[in-house]
There are 2 protein chains.
Amino acid sequence: MASSDEKPDDSDTGLGRPGARRKPKITINDIARMAGVSKKTVSRVINDAATVKASTRDKIKALIKEYDFSPDPQARALAFRRSFLVAMIYDNPSPQYIVNMQRGILDALAGSSCQLVIRPCDRNAPDFYDMISEFIEQQRLFGAVLPPSVSEDDHIAEMLREADCPYVRIASVELDEPHRMIRTREAHGAAEAARHLARLGHRRIAHIRGPESFRSSHERLRGFQDGLSEFGLHLKDDDIVFGGYTYETGYECARLLLAKPERPTAIFAGNDEMALGVYKAAREIGLTVPADISVVGFDDTPIASRIAPYLTTVHSPIRDIGYLAGKLLVEGPKGAKGGLTSITPELVVRESTAAPAF
Amino acid sequence: MASSDEKPDDSDTGLGRPGARRKPKITINDIARMAGVSKKTVSRVINDAATVKASTRDKIKALIKEYDFSPDPQARALAFRRSFLVAMIYDNPSPQYIVNMQRGILDALAGSSCQLVIRPCDRNAPDFYDMISEFIEQQRLFGAVLPPSVSEDDHIAEMLREADCPYVRIASVELDEPHRMIRTREAHGAAEAARHLARLGHRRIAHIRGPESFRSSHERLRGFQDGLSEFGLHLKDDDIVFGGYTYETGYECARLLLAKPERPTAIFAGNDEMALGVYKAAREIGLTVPADISVVGFDDTPIASRIAPYLTTVHSPIRDIGYLAGKLLVEGPKGAKGGLTSITPELVVRESTAAPAF
DNA sequence: CTGAAAGCGCTTACAG
DNA sequence: CTGAAAGCGCTTACAG
């Protein structure tokens with residue numbers, strides 16, 4: 001067998017630069033030969049298999065370290081019938097959310113042999129399920145993490161199960177088995193926002209909620225109502241308007257709300273984007289935040305702490321959530337810090353809320 | 001050979017759910033058998049190899065379509081000695097930038113068999129080069145795209161060349177062979193900003209530049225100076241201060257600038273983040289934008305069109321840049337729309353600039 | 001224009 | 001505790 005150390009120059013495939021001479025990559029066979037064992041035994045130590053004699057294991061580990069060997073992911077994947085790819089599949093439009101979650105997952109993947117593959121998608125595309133399905137079948141993923149709102153899609157979850165692909169869904173409600181979920185207790189943060197406004201003395205309060213199709217928008221509304229009711233307050237039907245989680249819809253909704261004869265003294269927006277729209281609407285009709293109108297957001301995006309006045313909002317530790325999700329995939333249910341699979345967003349009080357003027 | 005259509009139940013590897021029955025995946029062998037040819041011939045049509053008889057090709061293509069067959073990426077990767085992974089390696093901290101570029105690359109990868117793997121990194125980490133090097137050696141990437149400032153690191157580029165990995169560097173200056181570069185003509189946008197301010201009548205103008213270590217910060221400064229000089233204006237040394245491309249540094253620099261006896265009437269910030277810091281500094285000392293001080297940013301992040309007053313800034317089509325980079329990798333130099341490998345950012349005039357008050 | 005053989009670098013299933 | 005054989009699903013190198 002011609003497993004010589006030197007490859008002839010014409011082994012170049014044409015994909016590379018002519019004359020580029022790859023240093024011959026060391027393989028499991030080389031390690032095995034040097035250790036005087038079979039490659040199967042080397043494979044065992046690579047995969048932390050149960051039973052290898054300590055001395056053999058040590059010798060092999062030393063060799064692996066000395067030659068800086070690490071097994072080829074492609075070959076492993078082929079033999080394992082499973083790639084070393086973790087996919088993040090998402091439709092969330094917020095860059096900050098996406099980037100933070102990617103970081104969190106990556107934090108958890110560091111040191112594992114997995115890489116993070118990203119897959120943004122559009123749930124409204126006609127071929128949405130076909131695309132995702134093809135992707136899942138093809139890649140034989142090591143795992144997938146699904147933030148909202150894809151996480152809320154039971155069909156996707158089923159495709160994943162069908163393909164035998166582990167996954168973690170991130171959502172504000174329990175919509176799958178616990179070991180496949182990270183629960184974000186958004187109702188809690190929303191309730192805090194309600195209490196904060198109630199304590200400041202607000203009585204006429206409005207809410208711009210997110211779309212019907214997002215579970216989070218229900219949870220935020222529910223939590224907010226719960227918090228208010230502790231103070232004997234409640235949201236009247238026409239003090240709840242539907243926004244689309246965007247700047248523009250936040251603006252439009254606020255215009256409606258602020259034009260009412262009995263104008264609210266505080267508005268809780270379903271997310272920061274919409275809260276910024278409220279700022280704009282207030283400005284336009286000469287209202288000052290927070291003197292004339294208090295505003296609370298949700299998410300704590302970077303804009304919240306850069307705009308004037310700084311926005312009071314509910315902070316979700318997205319990166320931590322991503323980390324937990326990644327750990328759950330890489331280490332299994334016991335991996336995620338003692339089985340912690342829920343996260344509680346907290347209110348951050350800044351400048352956009354004050355006692356009502358009247 | 002027991003390549004039966006039915007796999008026994010105990011073929012389950014333990015990685016999956018017990019009893020989970022994977023539908024037997026169709027392989028190149030199945031297609032070959034059904035087409036009555038060798039698998040090598042099927043391989044040829046998969047890879048668009050030159051010479052396959054038209055009728056044979058058609059028959060195979062029909063079969064592929066009928067059975068919705070697509071070759072296993074892991075197996076292909078192993079045989080090709082090259083994975084189907086395109087990596088985006090970056091240290092840019094701006095979420096909007098990152099997300100847009102990811103989208104652009106993904107746009108270009110759609111339809112290819114490549115997936116996008118992301119690799120954020122910290123150039124200041126002690127093991128920075130080791131990490132990247134290991135990553136590159138291990139993954140046998142199909143290609144890599146490097147936005148600033150990793151793109152400016154010649155050592156990384158060399159590691160990539162060494163590993164025979166195609167790459168595209170995105171930068172404001174020509175720092176590699178043309179087919180390995182997307183050039184962003186940032187000096188052009190900065191010059192436009194200068195002309196805009198000069199035409200408004202500003203004479204006392206300051207610039208908060210980015211860090212020495214970013215090529216872009218030099219280019220933006222240079223372009224700005226060029227634009228000013230067309231009007232016989234120039235930046236005095238102490239009207240140029242060093243920021244760090246962050247909100248905080250923008251604020252600090254603006255405080256210095258605005259405290260000067262001869263206060264500037266306009267400030268060109270090296271990016272939007274710093275421009276927001278200028279807003280804050282101005283607000284603090286009772287200055288109104290743009291009545292008392294005009295502000296221009298660079299990047300056109302989403303905040304620019306959400307904050308009051310809307311920020312005049314230079315828009316870079318990041319997603320387009322990512323698309324070009326992706327195309328360059330997937331289709332080679334001729335792939336990127338007729339060899340277009342440069343992008344020109346343009347000024348977007350909004351509300352933060354006006355004629356000086358004096 | 002097409003195929004048989006060998007191989008990519010690992011792991012599984014089975015023995016011992 | 002360890003190994004020889006077969007195989008994962010493709011492609012390369014070589015023939016014809």
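Each chain gets a letter, A, B and so on, in the order its sequence line appears, and its residues count up from 1. Quantities reported herein were computed from a predicted structural model and do not represent experimental measurements.
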Look for any protein N or O under 3.5 Å of an N or O in nucleotides 14-16 of chain C and output each such pair with its distance, or none.
none

Closer than 3.5 angstrom, by distance alone: can the side chain of A:Arg169 be matched with the main-chain N or O of A:Pro147 as a donor-acceptor pair?
no
For B:Lys59 and C:dC1, what is the distance between atoms NZ and C1' respectively, to the nearest whole Å?
14 Å
DNA chain D contacts among residues 68-79 of chain A, heavy-atom distance under 4.0 Å
A:Leu78, A:Ala79
Ring geometry between A:Phe142 and A:Phe84 (parallel below 30°, tilted from 30 to 60°, perpendicular above 60°)
parallel
Test B:Met181 against every option in B:Leu175, B:Thr341, B:Ile170, B:Val168 by the side-chain contact (heavy atoms from CB on, under 4.5 Å) rule and name the one that passes.
B:Leu175
Quick one: is D:dT2 close enough that its OP1 or OP2 comes under 4.0 Å of any side-chain N or O from A:Thr56?
yes
For A:Phe135, does the six-membered ring have the charged nitrogen or CZ of A:Arg119 within the cation-pi criterion, i.e. under 6.0 angstrom from the centroid and within 45° of the normal?
yes
Residue-phosphate contact under 4.0 Å: B:Ser43 side-chain N/O, D:dT11 OP1/OP2:
yes
Between C:dG9 (P) and A:Arg82 (CZ): distance, integer Å:
24 Å
Would you name the heavy atoms of A:Asp164 and A:Arg82 that are closest together and state the gap between them?
O-NH2, 2.5 Å
Less than 4.0 angstrom between a side-chain N/O of B:Thr41 and OP1 or OP2 of C:dG3, yes or no?
yes
Least distance between heavy atoms, B:Asp72 atom then A:Arg140 atom
OD2-NE, 3.6 Å
From the list A:Ile182, A:Asp153, A:Asp91, A:Leu160, side-chain contact (heavy atoms from CB on, under 4.5 Å) partner of A:Leu146 resolves to A:Leu160
I need the CD1-P distance between A:Ile46 and C:dT12, as an integer number of Å.
12 Å
How many whole angstroms separate atom CZ of B:Arg140 from atom P of D:dT11?
16 Å
Over how many whole Å does the gap from A:Asn29 atom CG to C:dC8 atom C1' extend?
11 Å
Determine whether the side chains of A:Gln139 and B:Gln74 contain a donor N or O and an acceptor N or O closer than 3.5 Å.
no
Each base of DNA chain C marked ( ) or [ ] if paired in-strand (Watson-Crick or G-U under 3.5 Å), | if paired to another strand and . if unpaired gives |||.||||||||.|||
Given atom CD1 of B:Ile31 and atom P of D:dT11, what is their separation to the nearest angstrom?
13 Å
Closest heavy-atom pair, A:Ser112 versus A:Val330, reported as atoms and distance to 0.1 Å, is CB-CG1, 3.9 Å
Categorize B:Asn47 for me: base, sugar-phosphate, or nothing, with a 4.0 angstrom heavy-atom threshold over every strand shown.
sugar-phosphate
Has B:Thr27 got a side-chain N or O lying under 4.0 Å from the OP1 or OP2 atom of D:dG9?
no
Just by distance, no angles: are the side chains of B:Tyr167 and B:Arg161 close enough, under 3.5 Å, to form a donor-acceptor pair?
yes
Where each residue is assigned the nucleotide of DNA chain C containing its nearest heavy atom, which of A:Lys39 and B:Gly36 is assigned the position nearer the 5′ end?
B:Gly36
Round to a whole Å and report the spacing from CD of A:Gln139 to P of D:dC8.
20 Å
Rounding to a whole Å, what distance do you find between B:Arg81:CZ and C:dG7:P?
11 Å
Do other residues, nucleotides or ligands put more than 12 heavy atoms under 6.0 Å from the CE atom of B:Met34?
yes
Short N-O contact, B:Arg33 and B:Asp30, less than 4.0 angstrom:
yes
